[in-house]
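Note sheet for the following structure.
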Amino acid sequence: NSLNAVSSLGGDGRLRGYLSGLILGQNLFAANLEFRSRALQLWTFQVGGAVFYDVGDAFDTRKDFRLKQGAGLGLRLGFPQLERTVMRVDLGFPLTGGLPRASWLDGLVLTFDQAFDMPAVGSSAVVR
């Protein structure tokens, strides 16, 4: 880490349920598991749900490595008219204690785009 970069966890993408940037360190480990329901068409938009489990830590040395866990529910609102833009509302809850939290609203996130994109299917053609 010659640039002395610091990674952070918490907030909208990795380790939902914790305050944004709460966990800091030079090294980062994060894993996310998310189940998304099929979207239902309502008027001019689509609505779907999500259930997620996140685990990770940002740490400086191996002895500082302590996994933190979070889980929660989400709502996805899709707007096909806007090139498949998705508005995401997630409510995450920390499963690991000992970190500051003012209220249950600390885990509420409202943002556009998914926490992570779906894998895309690419061409399987062989080009010479």
Side-chain angles (χ1 to χ4, degrees):
N1 188 5
S2 62
L3 299 176
N4 292 322
V6 175
S7 298
S8 69
L9 276 180
D12 69 341
R14 299 175 183 235
L15 208 53
R16 292 165 282 186
Y18 294 86
L19 291 173
S20 185
L22 178 67
I23 305 161
L24 302 171
Q26 292 183 354
N27 302 297
L28 176 74
F29 171 80
N32 307 87
L33 178 64
E34 182 171 293
F35 173 76
R36 299 176 189 163
S37 72
R38 287 183 179 253
L40 300 173
Q41 186 72 38
L42 297 176
W43 300 283
T44 60
F45 63 94
Q46 300 168 337
V47 65
V51 176
F52 58 87
Y53 171 77
D54 301 337
V55 62
D57 193 18
F59 55 98
D60 292 326
T61 64
R62 277 189 266 187
K63 69 177 184 167
D64 298 329
F65 180 67
R66 304 273 185 280
L67 285 178
K68 283 90 176 156
Q69 303 174 63
L73 303 170
L75 185 67
R76 307 294 185 259
L77 300 170
F79 302 96
Q81 310 87 331
L82 302 174
E83 297 185 22
R84 308 286 301 157
T85 298
V86 174
M87 185 172 74
R88 177 169 56 98
V89 180
D90 286 337
L91 181 59
F93 300 96
L95 302 178
T96 306
L99 294 172
R101 186 174 171 96
S103 78
W104 65 272
L105 288 174
D106 289 349
L108 184 64
V109 172
L110 173 75
T111 187
F112 285 92
D113 287 329
Q114 300 284 8
F116 43 91
D117 292 326
M118 294 290 289
V121 177
S123 172
S124 60
V126 176
V127 179
R128 291 184 185 209

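Below, all heavy atoms of this structure are taken into account, side chains as well, without hydrogens, waters or symmetry copies. Every value quoted in this text rests on a predicted model; they were computed, and no experiment measured them.
The shortest heavy-atom contact between Phe29 and Leu67 is CD2-CD2, 3.7 Å. Taking each heavy atom of Leu95 and Tyr53 in turn, the nearest pair found is CD1-CE1, 4.1 Å. Closest approach of Asp64 and Asp57 over heavy atoms only: O-OD2, 3.6 Å. Across every non-hydrogen atom of Pro94 and Gly17, the tightest pair is CD-O, 3.4 Å. Across all their heavy atoms, Gln26 and Asp60 have their closest contact at N-OD1, 2.9 Å. Contact between Leu33 and Asp54 at its shortest, heavy atoms only, is N-OD1, 4.4 Å.
Side-chain contact between Leu28 and Arg14 is present, with at least one heavy-atom pair separated by less than 4.5 Å. Inter-residue side-chain proximity for Asn27 and Arg62 is flagged as unmet; no heavy-atom pair is nearer than 4.5 Å. Lys68 places none of its side-chain heavy atoms less than 4.5 Å from the side chain of Leu9. In this structure, the side chains of Asp106 and Leu19 come closer than 4.5 Å at one or more pairs of heavy atoms.
Linking ILVMFWY residues whenever their side-chain heavy atoms come closer than 4.5 Å, directly or via other members, places Val89 and Phe93 in the same cluster. Hydrophobic clustering keeps Leu105 apart from Phe52 (ILVMFWY residues linked when any side-chain heavy atoms are closer than 4.5 Å, directly or through intermediates). Taking hydrophobic clusters as Ile, Leu, Val, Met, Phe, Trp and Tyr residues chained together by side-chain heavy-atom distances below 4.5 Å, Leu108 shares a cluster with Leu110. A continuous path of Ile, Leu, Val, Met, Phe, Trp and Tyr side chains, each step under 4.5 Å between heavy atoms, connects Leu91 with Met87, placing both in one hydrophobic cluster. Placement of Leu77 and Phe112 within a single hydrophobic cluster is found when ILVMFWY residues are connected by side-chain heavy-atom separations under 4.5 Å, directly or transitively.
Using a 4.0 Å cut-off between a side-chain N of Lys or Arg and a carboxylate O of Asp or Glu, Arg76 and Asp90 qualify as a salt bridge.
Formation of a donor-acceptor pair under 3.5 Å by the Thr111 side chain with backbone atoms of Arg88 is not found in this model. Ser37 places a side-chain N or O within donor-acceptor distance of the main-chain N or O of Gly49, the cut-off being under 3.5 Å.
Ile23 contributes atom CD1, which lies 12.0 Å from atom CZ of Phe59 (distance to the nearest 0.5 angstrom).
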